[in-house]
Amino acid sequence: MGASDRLDRIRERASVADRDADEPTVLALVVTAISLLLLSPIAWVLIEASEMPTDRLVELVVSDTTTTVTLNTLVLVAAVTAMSVCIGVPLALLTVQTDLPFKRFWTVTAALPLVVPSYIGAFAFVSAFGPRGELADLLAPLGIESLPTIYGLPGAVLVLTLFTYPYVFLTTRASLISFDGTAVEAARTLNASRWDAFKRVTLPQILPGIAAGALLVALYTLSDFGTPAIMRYDVFTRMIFVEEQARNLDAAAVLSLLLLVMAMAILAVESRIGASRDGAYVSSGDRRAGEIKLGYWKLPAMGFCALIATLCLALPIGILGLWLVRSTAAAPAGFVFEAQHVTNSVTLAAGAAALCVVVALPIAYLSARGDGRLSSLPERVSYVGYAVPGVVIGLSLIYLALRFVPFLYQSLFVLVFAYVVRFLPQAVGTTESSVLQVDPSYIEAARSLGYGPITSFRKVVLPLVAPGIAAGAALVFLTTMKELPATLMLRPIGFETIVTYIWLVRGAAYQGQAAVPALILVGVSGLSMLIILRQEA
Amino acid sequence: FGLFSNDNSNQVGVSLSDFRGSGPLVESRGQPGGTSIKDLPPLEGELTVYVGGGEGGLYLDLLKLFEQAYDGFSVNQRVEGSSSLANTIIEENDNNATRADVFMSVDAGSLGAVANAGATQSLPSEALNAVPGSFQDGDGRWVGFAGRARAIPYNTNQLSPSDIPNKVSEFPNSGVLEGTMGWAPTYGAFQSFITAMRLNRSDDAARSWLESMQNHGITEYGNEFAVSNSAADGELAAGFANHYYSLRVRSGRQNAPLDLYFTEGDAGALVNVSGLEILNGTQKGELAGNFVRHVLSSEAQEFFATRAFAYPMIEGVPPVGGLPRIDELNPPDIDLTELADVSGTVELMRDAGVL
Amino acid sequence: MGTQKPSQRISEFETVETAVDDPERTVLSIDGVSKEYGRETAVEELSLSVKDGELLTLLGPSGCGKTTTLRMIAGLEEPSSGTISIAGETVTADADGPFRKPEERDVGIVFQDYALFPHLTVGENIAFGLDELDSDETDARVAELLELVDLEAHEAKMPSQLSGGQQQRVALARSLAPEPDVLLLDEPFSNLDVRLRVEMREEVRRILKRAGVTAISVTHDQEEALSISDRVAIMNDGDIAQVGNPGEVFENPESRFVASFLGQASFLSARVTDRLETGLGSFGLELLNGPIEAYDGAMIDVLVRPDDLQAMPTSEPKADGYVVHRQYNGPNFIYRVELHSGDVVHCMHNHVETFEAGQPVEVDLVADHELAWYPAE
Amino acid sequence: MGTQKPSQRISEFETVETAVDDPERTVLSIDGVSKEYGRETAVEELSLSVKDGELLTLLGPSGCGKTTTLRMIAGLEEPSSGTISIAGETVTADADGPFRKPEERDVGIVFQDYALFPHLTVGENIAFGLDELDSDETDARVAELLELVDLEAHEAKMPSQLSGGQQQRVALARSLAPEPDVLLLDEPFSNLDVRLRVEMREEVRRILKRAGVTAISVTHDQEEALSISDRVAIMNDGDIAQVGNPGEVFENPESRFVASFLGQASFLSARVTDRLETGLGSFGLELLNGPIEAYDGAMIDVLVRPDDLQAMPTSEPKADGYVVHRQYNGPNFIYRVELHSGDVVHCMHNHVETFEAGQPVEVDLVADHELAWYPAE
Ligand SMILES: Nc1ncnc2c1ncn2[C@@H]1O[C@H](COP(=O)(O)OP(=O)(O)OP(=O)(O)O)[C@@H](O)[C@H]1O
Ligand SMILES: Nc1ncnc2c1ncn2[C@@H]1O[C@H](COP(=O)(O)OP(=O)(O)OP(=O)(O)O)[C@@H](O)[C@H]1O
Ligand SMILES: [Mg+2]
Ligand SMILES: [Mg+2]
């Protein structure tokens with residue numbers, strides 16, 4: 001049976017299977033409660049924004065800066081998203097559908113850039129390609145005086161693309177892996193060439209997968225502050241940051257709302273592409289399409305993979321290595337990097353990953369198995385937090401925690417909650433697609449064998465979606481490891497992590513001291529990336 | 001250090017050399033004057049300090065030294081951006097949930113904001129008395145412990161001091177500075193500089209200065225260390241930055257062609273301070289007061305001078321070599337607490353298209 | 001097989017009587033059940049009852065509601081109206097109690113696509129429903145079932161390592177393990193090749209009979225329905241068109257629909273006078289089953305199947321019609337003959353005699369049983 | 001149908017001759033082709049040739065390599081060794097040219113699981129291969145094909161909105177649209193119910209013949225193979241066991257395997273002397289086909305099918321064996337009889353006579369054709 005056909009049947013049957021009177025209500029209630037919690041940070045934004053006098057509000061919203069920066073932001077988001085697709089999709093195709101030599105290796109190198117925090121990537125790029133950077137130093141004796149500047153839009157796009165395209169790579173890869181290859185074969189027997197078949201058959205069906213990755217890239221770009229700041233490109237998050245610095249919280253809130261509007265627009269665009277989720281993103285086909293023989297293209301293809309790996313992995317790691325070697329001054333006593341920092345980071349990230357998984361499961365389940373738009377609303381809602389800059393989440397949670405749960409203020413609970421708000425969609429996405437691949441007749445079979453819905457779910461569905469859950473957990477884990485602004489604002493007193501340490505020493509211009517923790521960060525996150533890739537195999 | 005070994009002093013586990021930095025800029029400094037920590041009551045108990053400002057990380061060293069000095073003293077600290085922390089403190093104060101005893105910030109604006117929100121307690125008079133009036137709050141709600149002068153770092157290969165006008169207002173008219181300068185407008189200290197310009201002159205003057213600087217051609221950086229570094233690299237001929245960034249660049253690269261120029265009597269010569277305040281909700285007012293006095297001790301001041309290259313706040317501790325003494329500088333006549341009005345500045349800067 | 005004693009084999013005919021307490025007891029009764037999906041009615045006012053130990057087959061065209069019916073019995077769908085009782089107890093919502101969920105019914109189901117749990121071994125799949133037994137008992141029961149379905153060697157394999165036929169047997173064993181009152185089989189043999197299909201269906205019948213399980217099996221293979229069922233129910237458009245034992249249904253289909261669904265049915269139009277006037281000549285009325293008197297003078301259609309007719313090559317003037325199509329199916333040919341009267345009939349012939357298309361033929365009615373008939377439409 | 005003239009219908013028999021230029025021309029030839037997957041050999045040294053306009057059916061047990069063979073013809077798999085030529089041109093890699101990709105061969109394929117494009121409507125699916133036509137021509141051709149497969153009303157639907165049978169017809173129309181030289185059908189009717197299956201297969205045959213398309217169809221339904229094919233190839237274990245026209249293969253299966261795969265075959269063991277001594281008595285050697293002389297004195301197995309034997313109820317002393325099983329299949333019963341000699345045979349009987357199990361019977365050989373036989377194993 002064809003992939004989409006199967007999927008349709010699954011949806012249709014599942015909506016019926018879950019239709020027992022009480023369970024969906026319970027599930028829907030739980031999910032509604034979770035969604036409200038997830039949206040709670042927005043409450044602060046609204047309260048704060050409403051405190052702004054109308055005249056100032058109007059002035060702010062229509063100011064030239066707002067317009068320019070909005071435009072800048074949209075240009076950046078569009079460019080990064082487009083470039084990520086241009087890099088992520090070919091890499092996914094190469095590593096899934098061709099006879100590229102050392103495929104496993106290239107798969108790993110293509111996915112790994114995700115573990116490099118983009119601000120570290122940006123520093124590395126500036127050190128390497130900036131005026132008076134390492135590259136300029138290397139080239140100076142050759143008489144090359146100036147390099148094209150990497151600051152501004154091109155640099156920001158380049159750096160953000162290189163460190164976020166793996167989202168597209170991973171989701172596209174997943175679509176391709178579960179894509180029913182017979183359709184391509186059918187197309188080819190109908191005289192479509194490989195390229196034709198790709199364009200007319202594969203592409204429309206993996207589009208939702210590409211869109212899902214592009215969505216993550218777009219929202220990440222929208223909410224990122226560090227990279228554009230380092231690359232000296234003026235975007236919305238910088239405006240928010242400036243207002244926050246100036247303690248104009250009302251203005252920061254208004255700007256955050258504008259940012260949210262952009263995020264909603266992006267979500268809406270993605271929904272339209274993903275709406276016909278008949279695609280292979282969520283279904284598993286019967287036969288893999290035959291391998292594409294690269295022939296003469298093998299070398300250029302490997303060159304492409306190697307180039308990306310060099311820029312995204314070798315370069316930042318090399319620069320970190322240089323910092324390490326060059327750091328002469330011994331660290332002052334206040335800057336001792338301790339094993340505790342690593343333990344703290346890992347514990348936090350693991351906690352966030354675990355909680356995200358628990359929270360993602362009901363949302364993903366409802367979205368995958370529910371019928372109608374309403375049941376996938378919580379899934380959409382989960383993306384909102386992802387699009388909000390960490391600073392805003394931090395401010396908001398300080399405000400909310402102090403007022404409503406003072407005993408939790410400055411506790412790890414609030415911090416982990418912030419991570420859930422920010423990174424949940426990553427877990428929801430992977431969980432949802434693995435739930436969609438579980439045939440609902442398994443539940444029916446279990447129930448006809450005498451088990452209640454919950455037991456059936458635990459005994460049958462859970463073990464089958466476990467790999468998807470693990471992948472989601474790993475994604476959350478590695479993004480939490482990298483998260484800075486909310487961590488800085490919400491961590492308990494005296495609680496330092498790898499990234500807060502890096503922030504501290506960078507702030508004091510002890511660049512060399514940042515190298516070791518940054519390398520550890522990349523290493524630990526790299527391990528979690530291997531989990532993601534292993535579950536695909 | 002015989003000076004510190006008189007009998008009635010308390011026993012302290014650290015010596016002056018632990019506080020003092022090293023390197024060429026610090027060589028051949030004499031004994032600092034002022035009150036030694038040995039003459040202060042010992043610090044005893046646990047203190048929670050919010051440390052605001054990225055390079056405030058440096059201050060952690062000082063806290064460590066105090067902990068080493070007294071067995072019974074320990075510090076819980078939280079380092080974060082100073083505005084961010086000010087927001088947090090105000091929020092905590094509004095909810096009667098103050099977590100910290102002392103706020104130590106690199107920027108008087110943040111101190112002022114917290115003070116204006118009514119979140120502070122009064123400081124011990126010994127502390128206030130040790131510091132010149134212009135470097136503390138008029139109402140004694142905060143006190144400076146290290147000065148940070150605005151300065152013009154310039155590349156000595158490209159410019160000589162005589163090329164640079166002695167008023168920032170003249171910069172847009174200077175041919176040699178055209179298209180060769182850099183600034184970091186998102187950085188708090190720069191915004192304080194603009195605030196000072198507004199206070200010293202007027203909003204309109206500040207706005208038109210910003211606009212004409214842009215027309216003159218200026219490169220934007222993320223922070224002022226980068227500005228100073230670029231001036232040393234020759235990427236810029238000159239820039240706007242706090243003075244100590246240049247010293248830090250030079251301490252790393254001894255032969256860097258970088259020097260500092262100070263304008264006169266205008267915002268360009270603003271001396272902002274890092275300061276301290278005791279927070280409203282603290283149960284440990286006495287310990288906090290004593291702590292403030294420790295920060296103003298001769299050892300601690302020596303620390304700021306030699307490690308952070310800041311201007312010490314007490315008489316008897318000179319700044320590191322090469323810097324003009326603080327009384328040789330000619331700062332504008334403004335109340336530093338008023339620097340808290342950053343929001344007006346930000347709006348103005350946005351208006352001028354800088355932000 | 002060749003080595004078993006006849007006496008042993010006879011028991012295959014008798015198991016219904018031996019394995020159940022009271023073969024007359026109604027185990028499953030469905031009363032006026034309907035199921036609507038939105039505006040579409042999948043099952044409409046369906047009533048059916050199945051006796052203890054009986055094997056009933058549901059036969060019907062695609063989309064007629066067979067699967068929906070099974071799913072309602074299993075509790076996987078709730079009927080829009082009507083009552084279902086299993087072992088004397090009402091399982092649909094009524095005054096005495098709420099809708100009984102699948103896990104609260106003693107009903108096993110073998111899904112069309114097996115639905116084996118892909119993460120469990122064959123043995124674990126079979127043991128899945130045995131939560132009330134201790135582990136020794138479970139092992140024993142699993143071993144017993146593995147033997148029953150002849151998969152002893154495959155206990156430790158994963159479902160994906162089995163062929164389709166083997167998977168189907170595992171699904172059967174899994175659903176039999178908890179000894180359900182009623183077993184439902186949804187097209188259990190559709191994915192097997194002929195040889196395996198014939199073997200498996202006999203095997204399943206034997207297993208069911210030995211276990212005394214009441215079963216409803218869905219199929220769209222007429223031969224399968226006729227050969228293994230105790231009774232056959234023909235469904236059409238959400239309702240049961242006819243139910244009865246295989247011979248009854250095949251020989252006396254109550255409607256044209258049922259007739260056309262079983263065997264390669266043709267209809268011979270005839271006028272009733274005191275005899276029956278057809279395109280093949282005139283016959284005595286005793287040829288027909290049931291009372292025909294009321295139709296005196298009317299047109300009726302007489303059901304004739306290929307084996308009821310015989311075609312003989314002849315020359316034009318004596319011919320009843322022409323051969324228009326020839327279908328070879330191994331033991332014989334089936335010729336489609338267009339009669340001069342306009343009727344098209346099928347005649348079966350042993351394969352030694354072959355006619356070419358266009359051959360004029362004389363067709364004889366050679367039925368040795370009464371023929372069913374329907375008023376002309 | 002009933003209204004067509006005989007003359008028109010006759011053409012169904014003749015289309016092979018009328019629609020192709022030279023029915024003797026070999027369109028597809030497969031020569032010593034093997035396909036290995038890792039260490040497993042799916043197809044081994046297979047040779048086969050198919051003539052222009054011919055409809056050949058591949059019949060064989062699950063996993064014997066049928067799908068693999070079709071895929072190699074379509075160019076979806078590259079053979080490990082051997083040569084395939086289509087329309088006189090070698091399409092496997094050789095001195096004259098490289099391996100020809102699927103899109104470079106004029107081969108259409110209807111996949112076992114249809115492989116319709118889920119994102120395209122029925123009409124768009126059918127039009128997929130028509131990229132050389134302008135839009136009017138495309139529309140016209142699509143309309144024509146929709147009519148052919150009787151789906152005019154469904155042009156705008158998505159595949160997921162169609163029933164299984166409808167999907168299959170769309171797949172067929174899609175592959176016919178670009179008028180391929182060779183059409184491959186992988187179990188094209190497996191998901192249809194009997195009535196629809198019979199209708200569809202005749203329809204497809206008619207379509208293929210009218211278009212003069214050479215076709216290879218895979219099935220595991222023996223009746224389908226025998227009734228629609230020009231020739232049947234029985235595959236076993238990666239190789240072709242026998243190929244020939246349906247009657248030839250059915251009546252003279254060259255091996256026990258082929259025999260047991262077609263019809264409900266039983267084997268009667270016999271000793272060859274100057275006569276043939278069997279559990280049913282002694283017969284003249286002329287009963288057998290092929291020269292038997294070399295086997296004088298040896299044991300052979302004679303192939304008997306249900307319609308070759310007739311069982312008569314009798315009393316113990318005269319009986320040849322006992323009835324051990326009865327299978328009803330509508331027109332008749334098939335009895336399984338265990339002979340005293342130990343052989344188990346199947347006898348077909350018209351359903352008016354029924355025996356009970358355990359009934360002693362006398363079995364007569366009533367075959368009207370020579371019987372195939374095999375040396376005893
Ligand atoms: N969940 C559903 N929603 C809407 N219509 C449905 C649903 N399930 C079944 N139907 C419709 O109900 C009718 C009966 O479906 P059912 O699956 O019972 O048929 P079936 O007899 O099992 O057919 P088949 O032989 O093809 O399996 C069909 O018309 C089908 O389209
Ligand atoms: N890609 C593959 N990798 C390994 N083995 C394969 C592959 N494809 C097929 N086989 C094996 O080759 C053999 C022939 O497979 P094929 O699909 O041709 O069988 P088939 O005759 O079409 O069977 P069915 O009737 O079940 O469709 C099988 O044993 C199968 O397991
Ligand atoms: Mg069904
Ligand atoms: Mg196959």
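All chains are named by letter (A, B, ...) in the order of the sequence lines, taking the proteins before the strands, and each is independently numbered beginning at 1. For the numbers below, each heavy atom of this structure counts, side chains included, while hydrogens, waters and symmetry mates do not.
The shortest non-hydrogen separation linking B/T345 to B/T195 is OG1-OG1, 2.8 Å. Shown here for B/R198 and B/D203, the closest heavy-atom pair between the two residues is NE-OD1, 2.9 Å. Looking at every heavy atom in both residues, A/S127 comes nearest to A/W323 through OG-CZ2, 3.5 Å.
Only the side chain of A/M239 comes within less than 4.5 Å of a heavy atom in chain B; its backbone stays farther off. Neither the backbone nor the side chain of B/V75 has a heavy atom closer than 4.5 Å to any heavy atom of chain A. Looking at A/L490, only its backbone comes within 4.5 Å of chain B, counting heavy atoms on both sides. Interface residue B/Q77: only backbone heavy atoms are found under 4.5 Å from chain A. Proximity to chain B (any heavy atom under 4.5 Å) is shown, for A/Y409, by both the backbone and the side chain. Looking at A/R491, both its backbone and its side chain come within 4.5 Å of chain B, counting heavy atoms on both sides. No part of A/I230 comes within reach of chain B, as not one of its non-hydrogen atoms sits under 4.5 angstrom from that chain. For A/D234, the part lying under 4.5 angstrom from a heavy atom of chain B is the side chain only.
Checked against B/Y50 for a side-chain hydrogen bond (donor to acceptor under 3.5 Å, both in side chains), the options B/R99, B/E92, B/R78 give a single hit: B/E92.
Across B/A100, B/G188, B/G109, the residue that shares the most heavy-atom pairs under 4.5 angstrom with chain A is B/G109. Residue with the most contacts toward chain A among B/N76, B/N87, B/V346: B/N87 (heavy-atom pairs, distance under 4.5 Å). Across B/V342, B/I90, B/N229, B/N95, the residue that shares the most heavy-atom pairs under 4.5 angstrom with chain A is B/N95.
Considering CZ of A/F495 and OG of A/S411, their distance stands at 11.0 Å, rounded to 0.5 Å.
Looking at residues two or more places apart in sequence or on another chain, you find a ring-ring contact (aromatic ring centres under 6.0 Å, His included) between A/F241 and A/F225.
Taking the six-membered ring for Trp and thresholds of 30 and 60 degrees, B/F303 and B/F19 have ring planes more than 60 degrees apart, a perpendicular arrangement.
At most 12 non-hydrogen atoms from other residues, nucleotides or ligands lie less than 6.0 angstrom from CZ of A/F413.
No side-chain donor-acceptor contact under 3.5 Å links B/T306 and B/E302.
Residues of residues 247-255 of chain A lying under 4.5 angstrom from chain B, judged on non-hydrogen atoms, are A/R247, A/N248, A/L249 by number.
For B/Y245 and B/F309, the ring centers are positioned 6.0 Å apart or more.
Between the side chain of B/S105 and the main chain of B/S110, no donor-acceptor pair closer than 3.5 Å is present.
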